[in-house]
Amino acid sequence: MSSYDVDFAALTVPIIAAPMAGGASTPELVAAVNAAGGLGFLAAGYRTAVAMSEQIAATRGLTGRPFGVNLFVPSPPGQSAGEALLAYRAELLPEAERWGVELPARFAADDDGWAGKLAALLADPVAVVSYTFGLPSRQEADALRAVGTAQVATVTGVEEARAAARIGVDVLCVQGPEAGGHRGTHRVEDEPGEVPLLELLALVRAATDLPLIAAGGLGTGAAVAAALRAGAVAAQLGTAYLRSDEAGTSATHRAALADPRFTETVVTRAFTGRPARGLRNAFIDRHGPHAPHAYPEVHHLTQPLRAAAAHRADPQALHLWAGTAHPTTRPGPAADITAQLWREARG
Ligand SMILES: Cc1cc2nc3c(=O)[nH]c(=O)nc-3n(C[C@H](O)[C@H](O)[C@H](O)COP(=O)(O)O)c2cc1C
């Protein structure tokens with residue numbers, strides 16, 4: 001059994017640093033938010049099981065308090081539309097030629113190393129595991145429960161909340177449309193709901209008694225307080241930590257978040273094939289309307305373009321994930337950001 005017991009309703013500071021795959025979440029960020037009384041999360045998405053375990057070990061070296069690990073749940077295979085994907089590839093080819101990169105023409109099956117990560121988390125349990133993009137099977141959830149791990153399911157609507165309750169997760173992370181990064185919709189092809197977070201919390205509350213974590217667009221203490229008043233036991237913030245000292249956010253992404261010329265965020269499938277909210281830029285405007293519902297294929301297809309954009313520090317061609325509260329982000333130590341948000345939230 002895990003020696004940890006996470007009571008989300010009893011966190012010293014009910015603020016959770018969202019898992020942020022792609023480099024932003026680091027062991028240092030987790031430890032800093034833990035030290036401030038909140039709860040940090042590692043993001044296992046896009047990493048191998050071995051890399052995940054290395055991050056868990058590094059985090060244990062920095063904090064003695066419980067922390068979470070987030071997993072991408074793979075979609076059932078065979079859902080992605082081949083023709084639409086080839087058409088999108090053809091659309092991106094001139095850009096690839098311009099920047100001297102090759103786009104993949106074939107896409108190997110990719111389940112984000114799901115089985116290996118679950119095996120590692122069963123062999124060496126952590127306090128909390130959260131899921132996005134779907135749910136584990138009941139057997140998988142049972143197995144993690146048996147080793148003492150608390151389980152959180154990301155849900156973006158009432159039906160997903162009911163499905164998560166049915167497999168026996170402990171907590172729901174209710175993600176509103178304001179959220180930065182990917183929407184956690186359980187099916188790739190679903191268009192994500194647009195009911196604002198505070199209303200969505202009320203709808204989910206009516207459907208289940210499970211404790212709720214609120215996520216999406218919470219950038220100020222007042223917004224955190226409103227989410228807690230709406231019945232959430234904790235607030236999960238991603239964008240608010242992107243400019244923190246401990247985050248692994250790229251310099252280009254940090255600069256864009258602080259650049260008043262980026263005035264707007266939009267939800268797009270342009271970069272990965274799944275809906276995700278980011279700062280509006282030229283790539284999204286050009287390609288967003290044509291991107292197919294194909295994840296993770298579109299993620300792999302655009303990867304060389306994004307790597308080239310990162311190399312030349314071009315914010316117009318990079319995925320700059322950010323939530324609607326992006327104008328409120330601040331730089332500095334994550335512990336200070338957490339403490340200030342909580343001070344403001346308490347009024
Ligand atoms: C850069 C970035 C990466 C993210 N990666 C993940 C992830 O790997 N897993 C996950 O469950 N959520 C991920 N999210 C979504 C967060 O869990 C959370 O729902 C979101 O950050 C809340 O909205 P906010 O950014 O407005 O605070 C990510 C968000 C951002 C901004």
Side-chain angles (χ1 to χ4, degrees), residues 15-26 29-30 33 38-47 52 55 68-73 112 117 128-135 151-156 160 164 169 171-186 192 196-198 200-201 212-221 223-224 227 232 234-244 247-250 252-254 256-257 265-267 271-272 274-279 295-296 299 306 318-330 334 337-338 341:
I15 292 179
I16 297 172
M20 293 187 283
S25 290
T26 61
L29 178 58
V30 172
V33 173
L39 180 74
F41 259 90
L42 289 174
Y46 308 134
R47 291 184 192 281
M52 177 193 78
Q55 278 218 323
V69 173
N70 174 259
L71 300 177
F72 286 0
V73 180
D112 202 50
K117 288 174 191 172
V128 187
V129 163
S130 75
Y131 307 103
T132 190
F133 301 158
L135 297 169
Q151 294 172 80
V152 180
T154 305
V155 300
T156 64
E160 292 176 355
V169 298
V171 180
L172 301 180
C173 178
V174 179
Q175 188 199 44
E178 302 89 343
H182 283 111
R183 297 302 300 283
T185 40
H186 291 187
L197 175 62
L198 296 185
L200 186 58
L201 282 168
L212 307 180
I213 295 168
L218 306 176
T220 61
V224 168
Q236 177 164 310
L237 283 61
T239 304
Y241 287 107
L242 280 173
R243 293 173 67 206
S244 68
T249 317
S250 72
T252 309
H253 196 171
R254 280 177 194 269
L257 285 163
T265 62
V266 286
V267 174
F271 294 108
T272 69
R274 264 191 171 275
R277 184 176 290 280
L279 297 175
Y295 179 91
H299 164 78
R306 289 182 286 121
L318 263 184
H319 56 296
L320 304 168
W321 299 149
T324 53
H326 71 95
T328 62
T329 60
R330 41 201 147 174
I337 293 172
T338 310
L341 283 163

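Order of appearance sets the numbers: ligands from 1, and atoms from 1 within every ligand.
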Which atoms from ligand 1 have a heavy atom of [X] less than 4.0 Å away?
X      : result
Gly323 : 26 (O)
Gln175 : 15 (C), 19 (O)
Gln236 : 17 (O)
Gly217 : 23 (O), 24 (P), 26 (O)
Asn70  : 7 (C), 8 (O), 9 (N), 10 (C), 11 (O)
Thr132 : 9 (N), 10 (C), 11 (O)
Phe72  : 7 (C), 8 (O), 9 (N)
Gly216 : 22 (C), 23 (O), 26 (O)

List the closest protein heavy-atom neighbour of [atom]: residue, atom name, distance to the nearest 0.1 Å.
atom                    : answer
atom 13 (C) of ligand 1 : Pro19 O, 3.0 Å
atom 27 (O) of ligand 1 : Gly238 N, 2.9 Å
atom 18 (C) of ligand 1 : Ala18 CB, 4.0 Å
atom 4 (C) of ligand 1  : Met20 CA, 3.4 Å

Based purely on interatomic distance, does [X] place a nitrogen or oxygen under 3.5 Å from a nitrogen or oxygen of ligand 1?
X      : value
His253 : no
Ala21  : yes
Gly181 : no
Thr239 : yes

Among Leu172, Leu212, Thr185, Leu135, side chain to side chain contact (heavy atoms under 4.5 Å, CB included) partner for Val155: Leu172
Identity of the nearest option to atom 23 (O) of ligand 1, non-hydrogen atoms only, from Gly22, Ala240, Ala179: Ala179
Option set Gly180, Ala215, Gly23, criterion heavy-atom distance to atom 20 (C) of ligand 1, minimum: Gly180
Closest approach of [X] to [Y] (non-hydrogen atoms, all atoms of both residues):
X      : Y      : result
Gly45  : Ala21  : O-CB, 3.7 Å
Ile337 : Ser244 : CD1-CB, 3.7 Å
Gly180 : Thr239 : CA-OG1, 4.1 Å
Met20  : Leu29  : CE-CD2, 4.3 Å
Gln175 : Leu200 : O-CD2, 3.6 Å

Atom pair CZ (Arg277) and OG1 (Thr265), whose distance is rounded to the nearest 0.5 Å: 4.0 Å
Residues Arg243, Thr329; criterion side-chain hydrogen bond (donor to acceptor under 3.5 Å, both in side chains); working and verdict: CA-CA 7 Å; Arg243 293 173 67 206; Thr329 60; 3.3 Å; yes
Thr338/Tyr241 under side-chain hydrogen bond (donor to acceptor under 3.5 Å, both in side chains): CA gap, chis, key distance, verdict: CA-CA 9 Å; Thr338 310; Tyr241 287 107; 2.7 Å; yes
Row check, Phe133 ring normal vs Arg274 NZ/CZ: under 6.0 Å, within 45°: yes
ring-ring contact (aromatic ring centres under 6.0 Å, His included) against His299, all qualifying residues, sequence neighbours excluded: Tyr46
Residues that Ala276 engages under side-chain contact (heavy atoms from CB on, under 4.5 Å), provided they are two or more places apart: His182, Trp321
Structural part of Ala24 in contact with ligand 1, heavy atom criterion under 4.0 angstrom: neither
